Each structure stands twice: as C-alpha cells, then as structure tokens.
Amino acid sequence: WKEPHDIEFLTVLTDEQLCATCDRSGTFQYSPPLGTILPSGEHTLLTTFIPDEPNNFKSSTASVSVFVSKPETKLKWDINGLIAGDVAQTKIYTAVCEDSKHRIIDGILTYSVLPDYVVVPGEHVFVATFYPTDTENYSTIGKSLIVNVDNIIPKIEWKNPGDVIYLSTLTELQLNAVCVDGCNEVE
C-alpha cells in the first residue's frame, strides 16, 4: 500500500487514498472508510485484508500516513470606486473569505476603519483581517488595500429657464439650479 499524496482539508477519502492491494482475492476494510473527510494534520489510514479463503490464508493489516493540509484561503476584497463622502460601512465592509474551491468560510472579519468613518479625498490604506471560526482547518489571513479616493463630483439639476428678453435682469426663474447629490447648495 503506497502512501497517498497529501490532500487538502474537505477532500473526501476515495480509492485514490484507500488503495491497498494483495496478491490474493479478498476484501479490504478501511479505517477511516471511503467518503470520510479528515481534519487538517497527519493521519494514519488502516486496512484489514480478509481473504476469501480463510482456511488457507490469514487476515492481515497495513497502514499508511496521509497529510491533510489547510486549504489555501483568499480574502476577496475590492473597494475601488470610493469617492469622498462615502461612509465606510457601505463600501469598505465588503470582504469575503473563500477557500480554493470558492466556498465561503465562517469567521469574523475586522477592518482598520470604524463603521461611521466618512471617507475623505486622498490615498488611504485599508486593512481587513479574517479570523476563522474553525482554527484547526483554516488560518487567519489579512489583506491591505491602497485606495486613492476621488473628490465628490456634485450632481446639479438646472431646469431650462426659457427665453429672456435682452437686457432683462435674471431672477429665480432662471437662476434655479439645485444640488441634488454630493454637495451643499451654493448661492
């Protein structure tokens, strides 16, 4: 029985790992059995061979080791497109931790920015750290992003005032621009 290659956590034991052979006919009983998911770390796989001809051959046992690695985890986090005035919780608190098979991992995410932080223009360094609930099988990871925050681009609405007579004084009918997003009204 050849030692199997290392496997990653959440890999189901298959006949690729449980593949003992014998030059006699019989049955192998494995412990742990096919379909088992082992936690991260070194494990011993055991088998007992039960020959079809118990009067002529004895049962025998064998074991091999297999190492189960912690899966590679990745912190997915992209906060590009921040503009000044955004509140941190709306765009910054969006990180997700996934394993190599894109499964979301349970845990706690912490950020270097408080929830009520209002973003100002300029370059910022934001840090997210993931603490997995299952520390036996997953590792704590962090990610930092450098983001250049743009100035607010105000959105102004200004209705067409219509025609005016030459040399007329402009009034509120013509000077009726309104700031609708991202700025304070300016008179």
Side-chain angles (χ1 to χ4, degrees), residues 1-54 57-82 86-117 119 123-149:
W1 189 6
K2 245 170 70 174
E3 280 205 6
H5 295 287
D6 293 352
I7 59 175
E8 188 177 274
F9 174 62
L10 293 178
T11 299
V12 175
L13 288 179
T14 66
D15 55 10
E16 193 172 313
Q17 294 83 34
L18 305 177
C19 57
T21 60
C22 185
D23 59 357
R24 302 284 179 243
S25 63
T27 306
F28 288 97
Q29 293 179 341
Y30 293 98
S31 177
L34 283 168
T36 300
I37 296 175
L38 299 171
S40 298
E42 189 76 29
H43 298 276
T44 300
L45 306 177
L46 302 168
T47 189
T48 300
F49 176 73
I50 302 166
D52 286 343
E53 301 174 37
F57 302 100
K58 291 183 178 181
S59 294
S60 62
T61 60
S63 66
V64 294
S65 293
V66 65
F67 182 77
V68 180
S69 63
K70 290 184 178 186
E72 182 181 321
T73 53
K74 181 166 51 168
L75 199 53
K76 288 180 64 175
W77 192 31
D78 182 9
I79 55 176
N80 291 323
L82 278 176
D86 279 343
V87 177
Q89 63 194 29
T90 58
K91 290 194 180 176
I92 296 172
Y93 289 173
T94 59
V96 173
C97 190
E98 293 182 342
D99 68 13
S100 57
K101 303 218 181 338
H102 305 289
R103 293 176 289 232
I104 294 177
I105 302 165
D106 289 331
I108 297 170
L109 279 157
T110 62
Y111 299 88
S112 62
V113 178
L114 297 174
D116 57 352
Y117 177 76
V119 182
E123 187 174 277
H124 297 267
V125 177
F126 298 113
V127 179
T129 306
F130 176 75
Y131 300 93
T133 303
D134 179 357
T135 57
E136 181 182 0
N137 295 303
Y138 296 101
S139 299
T140 297
I141 61 170
K143 183 173 184 176
S144 62
L145 297 175
I146 298 173
V147 178
N148 191 15
V149 176

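This one's a predicted model, so the numbers in the text were calculated from it and none came from an experiment.
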For Val66 and His5 the tightest heavy-atom approach is CG2-O, 3.7 Å

How far apart are the C-alpha atoms of Tyr111 and Trp77, what are their side-chain angles, what is the distance that settles it, and do they pass the side-chain contact (heavy atoms from CB on, under 4.5 Å) test? CA-CA 11 Å; Tyr111 299 88; Trp77 192 31; 3.9 Å; yes

(request) Begin from the C-alpha positions of Ile37 and Val12 and carry the test side-chain contact (heavy atoms from CB on, under 4.5 Å) through to its verdict. (result) CA-CA 5 Å; Ile37 296 175; Val12 175; 3.9 Å; yes

Note to self: I'd like to know if the side chain of Tyr138 and the backbone of Asp106 have a donor-acceptor N/O pair within less than 3.5 Å.
What the structure shows: no

Do Leu13 and Leu34 come close enough that some side-chain heavy atom pair is under 4.5 Å? no

Heavy-atom closest pair (Asn148 atom, Glu123 atom, distance to 0.1 Å) is OD1-N, 3.8 Å

CD (Glu98) and CZ (Phe130) are apart, to the nearest 0.5 Å, by 11.0 Å

Separation between CZ (Phe126) and CG (Leu145), nearest 0.5 Å, reads 9.0 Å

| field | Check: Ser40 main-chain N/O paired with Asn137 side-chain donor or acceptor under 3.5 Å | value | yes

Per side chain to side chain donor-acceptor pair (under 3.5 Å), Asp99 is matched among His102, Lys101, Arg103 by Arg103

Taking every heavy atom of Lys70 against every heavy atom of Thr135, the minimum-distance pair comes out as NZ-O, 3.4 Å

Are there more than 12 heavy atoms of other residues, nucleotides or ligands under 6.0 Å from atom NZ of Lys143? yes

d(Cys97 SG, Lys74 NZ) to nearest 0.5 Å is 10.5 Å

### Message
Quick check: do Leu45 and Leu38 have side-chain heavy atoms less than 4.5 Å from each other?
### Response
yes

Check step by step if side-chain contact (heavy atoms from CB on, under 4.5 Å) holds for Ile105 and Asp134. CA-CA 9 Å; Ile105 302 165; Asp134 179 357; over 6 Å; no

- Glu72 atom CD, neighbour heavy-atom count above 12 within 6.0 Å: no

In short, Thr73 meets Ser139 closest at the heavy-atom pair OG1-O, 4.3 Å

Open item on the list: Is it the case that over 12 heavy atoms from other parts of the model lie below 6.0 angstrom from the CD atom of Glu16?
Closed with: no

Notebook entry, point to check: So do Asp6 and Ser69 actually touch side chain to side chain, heavy atoms under 4.5 Å?
Noted result: no

Tightest non-hydrogen contact, residues Leu75 and Ala128, listed as CD2-O, 3.6 Å

Exercise for the section: Would you indicate whether Ile108, at its atom CD1, is surrounded by more than 12 heavy atoms from other residues, nucleotides or ligands within a distance under 6.0 Å? Expected result: no

When every non-hydrogen atom of Thr47 is compared with those of Trp1, the smallest separation belongs to CG2-CZ3, 3.3 Å

* Determine, stepwise, if the pair Thr140 / Thr129 fulfils side-chain contact (heavy atoms from CB on, under 4.5 Å). => CA-CA 7 Å; Thr140 297; Thr129 306; 4.0 Å; yes

Side chains of residues 20-30: which donor-acceptor pairs under 3.5 Å do they make with residues two or more places apart or in other chains?
residue : atom : partner : partner atom : Å
Ser25   : OG   : Asp52   : OD2          : 3.2
Tyr30   : OH   : Leu18   : O            : 3.3
Tyr30   : OH   : Ala20   : N            : 3.0

